[in-house]
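Report on the following structure.
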There are 2 protein chains.
Amino acid sequence: MDPLDSPSSRPNARLTTRASPQGIAADLVAVLVAVTSGEPRVLTIQDQRALPSGPFELAHRSLQSGLRAWVERQTRLPLGYVEQLYTFADRDRAGTAAQHAISISYLGLTREQPAFGEHEARWRGWYDYFPWEDHRVGPPPLMEQTLRPGLKAWISVAPDRAAQRARRQRAEILFGLDEHSWNEELVLQRYELLYEARLIPEATRGNAPTPISANAVLLDTLGHPMILDHRRILATGIARLRAKIKYHPVVFELMPDTFTLLQLQRCVEALAGRQVHKPNFRRLIEQQELVEETGETSQDTGGRPAKLFRFRRTVFAERAIAGTKLPISGA
Amino acid sequence: MDPLDSPSSRPNARLTTRASPQGIAADLVAVLVAVTSGEPRVLTIQDQRALPSGPFELAHRSLQSGLRAWVERQTRLPLGYVEQLYTFADRDRAGTAAQHAISISYLGLTREQPAFGEHEARWRGWYDYFPWEDHRVGPPPLMEQTLRPGLKAWISVAPDRAAQRARRQRAEILFGLDEHSWNEELVLQRYELLYEARLIPEATRGNAPTPISANAVLLDTLGHPMILDHRRILATGIARLRAKIKYHPVVFELMPDTFTLLQLQRCVEALAGRQVHKPNFRRLIEQQELVEETGETSQDTGGRPAKLFRFRRTVFAERAIAGTKLPISGA
DNA sequence: AGACTTATACTCGATTACAGTATAACATGT
DNA sequence: ACATGTTATACTGTAATCGAGTATAAGTCT
């Protein structure tokens, strides 16, 4: 029976703007991203099993400024870019502890920072949580060894032939199997599928006692789990960022003041989880006049010294509105 | 002074996931869209000055299902597509009544429906609220007559030369002035600018006694106002929908079961607020195999009878994932 | 000096975007 | 019956862009 029809839902709810009488708690959850030495990292707490979060204060002027406030106070990180991700309230996902809570999640970009030990906050590579998302050196072996058998099992236990075909098609598109090409933006959809298929630990927590393929070894290799639905929120953040860097100059928020074009490229590759074509990347960056030469060169390249560039903050205003283009070859 | 540093904000907020002790109210606000006889319409209440909204029920399984539940119960509209827009809590914007409320806004698409009088819910063309957004027959005269003088005044009262140039550039890009081309997706940014410039009534409500250009006649022509920040939410919905139809087959949620290609085109044009190139539109629709012929024709075209088409729901699954393309030419 | 690594510049082909034009099949008016 | 207007449908051409490949320059390392 649909829980929406349960007697506890008020039958005389009106189309008015009157606020709900009973209060609920609202938490701000942050996906803070930095790219350190070519690896995308995310700030975690609680033994790397949770994203930093804090209560929404009524004193805050807005949600975004509220988030900015406590993040900068707690971590001393300068937040270059902040964007709201999604608001969650699924009881299914939240476990038992936070049933009456709403989670408003945010994506925040910051520069490389000194380690900050307070509150046991630590940076961790985001591919530790999503090992199947890193295709920079081709599809990871995990996909053939672990993912494909797991998906195959999930497909085979579908109720009927039509459902099996639907599951197979969905899995093939999302994970780029067979003739389908890998689409790096479908991070959230892939996580949702693995959740549905009970292939990740979070899905078998609480309400589902016997998963379809309760293979402990299999589950262990599919990335580090997190509390509540934090891994889902992280997936949302990665997906949003991967989509955003293609038409918005937010990558520069993650870069140091001066950088070489290859460093910039490596940063984009780290985020996108795939390689980009070097000549085309350089062409697009330069022809859009997003960067300017500093006149100096970097000699710790191992080869020919590379020109150092600096982001042209003057064009940020227009580009932020009008958009940018980054070449991340898809198919 | 920044309100974030006010003494009422808790200085010892921690990086934990503990919920906030005091509760706050959460409202669901819906932007319900239908396209009736070539006009995009939105469902309104309270004498067309508010969007339908309702309290978030703890009994609901999730936010989205909560919204679906009360919308379908109250309006009897079949919601084809539902998507979360944004969560607002700005005290500045919310006026005085709803300071402690969070608004979680959703976009919902529905088919043409019989008029539904209950709760004084009425459909209204969304260009009544954003007259400057309709460029289907070229830039509306309102732009030259009202908008440009208003923007000019706003630019001229900037503190210094640099700020003036920044304002001018921003206005030119957003409103497609001079050499800049019109970008139909920047609905929210345009509204934000007009709000900043105090050119719309909501901006001068409450905290701002004397607006820069308190020209009542000018203000009156810049669209129908709404309560609280509902017009901003509507702008968010329009912007999201305009962006979405380009790569996601959601238009069909707004169409009747069978339709001609021109009807489909008119629907897209109504949403995008601009004309599209007919041959290219047809080519893209057909080559993507999104539709199939019903075999019948429609003869109330005035000219040659048009083939009737039907959306191929079978490809929806893959297209919803892999994406689609609609040609909306942006210079 | 030679091998190697990286930076930088240039070229080429395929695809796509965008615009224009031509013809077909109806309605309406005279 | 015929001209005219309107819409549907099909086809063609051009410019821009994307993706991939190649060549050369300028350093480091052994």
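Just so it is clear: chains get the letters A, B, ... in the order the sequence lines come, proteins before strands, and each one is counted from 1.
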inquiry  = Nearest to the side chain of A:Leu284, heavy atoms from C-beta on, is which of D:dA8, D:dC18, C:dA7?
reply    = D:dC18

query = Nucleotide by nucleotide, 5' to 3', does protein get under 4.0 Å of the base (B), only the sugar-phosphate (S), or neither (-) in nucleotides 24-30 of chain D, counting heavy atoms?
reply = -BBSS--

ask   = Which is it for A:Leu199 and A:Thr146 under the side-chain contact (heavy atoms from CB on, under 4.5 Å) test, yes or no, and what are the steps along the way?
value = CA-CA 10 Å; A:Leu199 289 172; A:Thr146 313; over 6 Å; no

message = Just the rounded figure in Å: distance from C1' of C:dT8 to CD1 of A:Ile285.
response = 15 Å

ask   = Taking CG from B:Asn280 and P from D:dA15, how many angstroms apart are they, rounded to a whole number?
value = 16 Å

message = Between A:Leu32 and A:Leu107, is there a side-chain heavy-atom distance shorter than 4.5 Å?
response = no

query = For DNA chain D, which residues in residues 286-297 of chain B have a heavy atom at a distance below 4.0 Å?
reply = none

request  = Would you mind reading off the distance between A:Lys307 atom NZ and C:dA9 atom C1', rounded to a whole angstrom?
outcome  = 10 Å

query = Is the shortest distance from a Lys or Arg side-chain nitrogen in A:Arg242 or A:Glu133 to a carboxylate oxygen in the other one below 4.0 Å?
reply = yes

request  = Specify whether A:Tyr81 and A:His248 have parallel, tilted or perpendicular ring planes, treating 30° as the upper limit for parallel and 60° as the lower limit for perpendicular.
outcome  = tilted

task = Nearest whole angstrom, please: distance from the C1' of D:dA8 to the CZ of B:Phe281.
result = 14 Å

inquiry  = I'd like to know if B:Arg136 pairs up with B:Glu39 as an ion pair, taking the criterion as any Lys NZ or Arg NE/NH1/NH2 lying under 4.0 Å from an Asp or Glu carboxylate oxygen.
reply    = yes

inquiry  = Is there a salt bridge (Lys or Arg N to Asp or Glu O under 4.0 Å) between B:Glu83 and B:Lys244? Walk through the geometry before answering.
reply    = CA-CA 11 Å; B:Glu83 171 184 336; B:Lys244 197 119 211 170; 3.3 Å; yes

inquiry  = Can you identify which nucleotide, out of D:dG21, D:dT9, D:dG19, has its nearest atom closest to the A:Arg283 side chain?
reply    = D:dG19

task = Could you state the atom-to-atom distance from CZ of B:Arg282 to P of D:dT7 in whole Å?
result = 13 Å

message = Within the 4.0 Å heavy-atom criterion, would you say A:Lys278 contacts the bases, only the backbone, or no part of the nucleic acid?
response = base

task = Answer yes or no: is there an ion pair linking A:Glu184 with A:Arg274, defined by an N-O contact shorter than 4.0 Å?
result = yes

task = Could you tell me whether B:Glu293 and B:Arg310 have a side-chain N and a carboxylate O separated by less than 4.0 Å?
result = no

inquiry  = Measure CG/B:Leu264 against P/D:dA8 and give the value in whole Å, please.
reply    = 12 Å

ask   = Should B:Glu296 and B:Lys307 count as an ion pair when the cut-off is N to O under 4.0 Å?
value = no

task = Could you state the atom-to-atom distance from CZ of A:Phe259 to C1' of C:dA7 in whole Å?
result = 16 Å

request  = Could you state the atom-to-atom distance from CD of A:Gln263 to C1' of C:dA7 in whole Å?
outcome  = 13 Å

message = Taking the minimum atom-to-atom distance to the side chain of A:Leu262, which one of D:dG19, C:dA7, D:dT9 wins?
response = C:dA7

